[in-house]
Amino acid sequence: VIISGRWDHYGKDVIDEQIDGTVGFIKESGINKIILVGPSPHWTPDLPKVLYSFFKNDPRHLLPDRMWRGLDLKIRIMDKDLHEKADRLGIIYVSPFNALCNAEGCLTRVGDKPEDLVVYDNVHFSPTGSRFFINKVFANLPLA
């Protein structure tokens, strides 16, 4: 079972209560493979607008593959908290933030075409971003 959500819409207390209850219910049902997916990078106002602003203000008119500009860095804290929760509950944790971000910033695109943006708004994966994420993270998980 994969548990995912737009975690930044809820307070920590609500998240803790809901995840604990959901995981407890799933385990009581006899399912032991549970994956908690953490928050994705969150762009403000949204990735296309942040990239356009960067492009417009860059004298070379380049689009970066990675950047920190426009990211909500509170996601890092939430990612760490959810990872610790997954460890306490004995379930698998997947971090989109860790999969997509490094010291240079978070991945903005995987190619040069408009459809190669990783997200199409502020947080939702594009089809290309979804495939990239699934291939990068879920292909290496012990699901058997």
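As a basis for the values below, the full set of heavy atoms in this structure was taken, side chains included, without hydrogen atoms, waters or symmetry mates.
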Report the distance from atom CZ of Phe97 to atom CG of Asp79, rounding to the nearest 0.5 Å.
7.0 Å
Working to the nearest 0.5 Å, report the span between CD of Glu17 and OG1 of Thr22.
10.0 Å
Tell me whether Val137 is reachable from Ile34 by hopping between hydrophobic residues (I, L, V, M, F, W, Y) whose side-chain heavy atoms are closer than 4.5 Å.
no
Glu115, CD atom: more than 12 neighbouring heavy atoms under 6.0 Å:
yes
Nearest heavy-atom approach of Lys27 to Ile91 is CE-CG2, 4.0 Å
Taking the side chain as every heavy atom from C-beta outward, state whether Ile15 and Trp7 have any atom pair closer than 4.5 Å.
yes
Taking the inter-plane angle between the rings of Phe125 and Phe133 on a 0 to 90° scale, is it parallel (under 30°), tilted (30 to 60°) or perpendicular (over 60°)?
parallel
Nearest 0.5 Å, please: how far is NZ in Lys49 from CG in Asn122?
9.5 Å
Look at the rings of His83 and Tyr93 and say which category their plane angle falls in: under 30° parallel, 30 to 60° tilted, over 60° perpendicular.
parallel
Between Ile134 and Val110, is there a shared hydrophobic cluster once you connect ILVMFWY residues whose side-chain heavy atoms come closer than 4.5 Å?
yes
So for atom CG, which belongs to Asn57, do other residues, nucleotides or ligands contribute more than 12 heavy atoms lying within a distance under 6.0 Å?
yes
With clusters defined by side-chain heavy atoms of hydrophobic residues (ILVMFWY) lying less than 4.5 Å apart, directly or transitively, does Val37 cluster with Leu89?
no
Approximate separation, where rounding is to 0.5 Å, of Leu63 CG and Tyr52 OH:
11.5 Å
When you compare the side chain of Arg69 with that of Ser53, does any pair of heavy atoms fall below 4.5 Å?
yes
Determine, stepwise, if the pair Met67 / Trp43 fulfils side-chain contact (heavy atoms from CB on, under 4.5 Å).
CA-CA 10 Å; Met67 68 178 178; Trp43 304 89; 3.9 Å; yes
Rounded to the nearest 0.5 angstrom, the CG-CG distance for Asp112 and Asp116 is 7.0 Å
Do Asp72 and Thr44 meet the criterion of a side-chain donor-acceptor pair at a distance under 3.5 Å?
no
Are any of the side-chain nitrogens in Asp16 or Lys12 under 4.0 Å away from the carboxylate oxygens of its partner?
yes
Could you please spell out the steps behind the side-chain contact (heavy atoms from CB on, under 4.5 Å) verdict for Lys85 and Asp20?
CA-CA 9 Å; Lys85 171 168 274 311; Asp20 289 349; 2.6 Å; yes
With the 4.5 Å side-chain cut-off for hydrophobic clustering, are Val1 and Val23 part of the same group?
yes
Cluster question for you: counting only ILVMFWY and a side-chain heavy-atom cut-off of under 4.5 Å, with indirect links fine, are Phe54 and Leu100 together?
yes
Give me the atom names and distance for the closest heavy-atom approach of Arg109 to Pro64.
NE-O, 3.4 Å
Closest heavy-atom contact between Pro45 and Val50?
CD-CG2, 3.9 Å
Could you go through Ile26 and Ile3, starting from their C-alpha distance and side-chain angles, then the distance that decides it, and tell me whether this counts as side-chain contact (heavy atoms from CB on, under 4.5 Å)?
CA-CA 10 Å; Ile26 293 168; Ile3 302 170; 4.0 Å; yes
Going through the distances and angles, do His124 and Val119 end up as a side-chain contact (heavy atoms from CB on, under 4.5 Å)?
CA-CA 5 Å; His124 296 98; Val119 298; 5.8 Å; no
Hey, does the side chain of Ser126 reach the backbone of Leu117 with a donor-acceptor pair shorter than 3.5 angstrom?
yes
Taking Ala103's backbone N and O only, do any of them form a donor-acceptor pair with Trp68's side chain (distance below 3.5 Å, no angle check)?
yes
Would you give the length of the straight line joining atom CG of Asp65 to atom CG of Leu107, rounded to the nearest 0.5 angstrom?
7.0 Å
Pro39 to Leu82 - nearest heavy-atom pair and separation:
CD-CD1, 3.7 Å
How close do His42 and Arg6 get, heavy atom to heavy atom, and via which atoms?
CE1-NH2, 3.1 Å
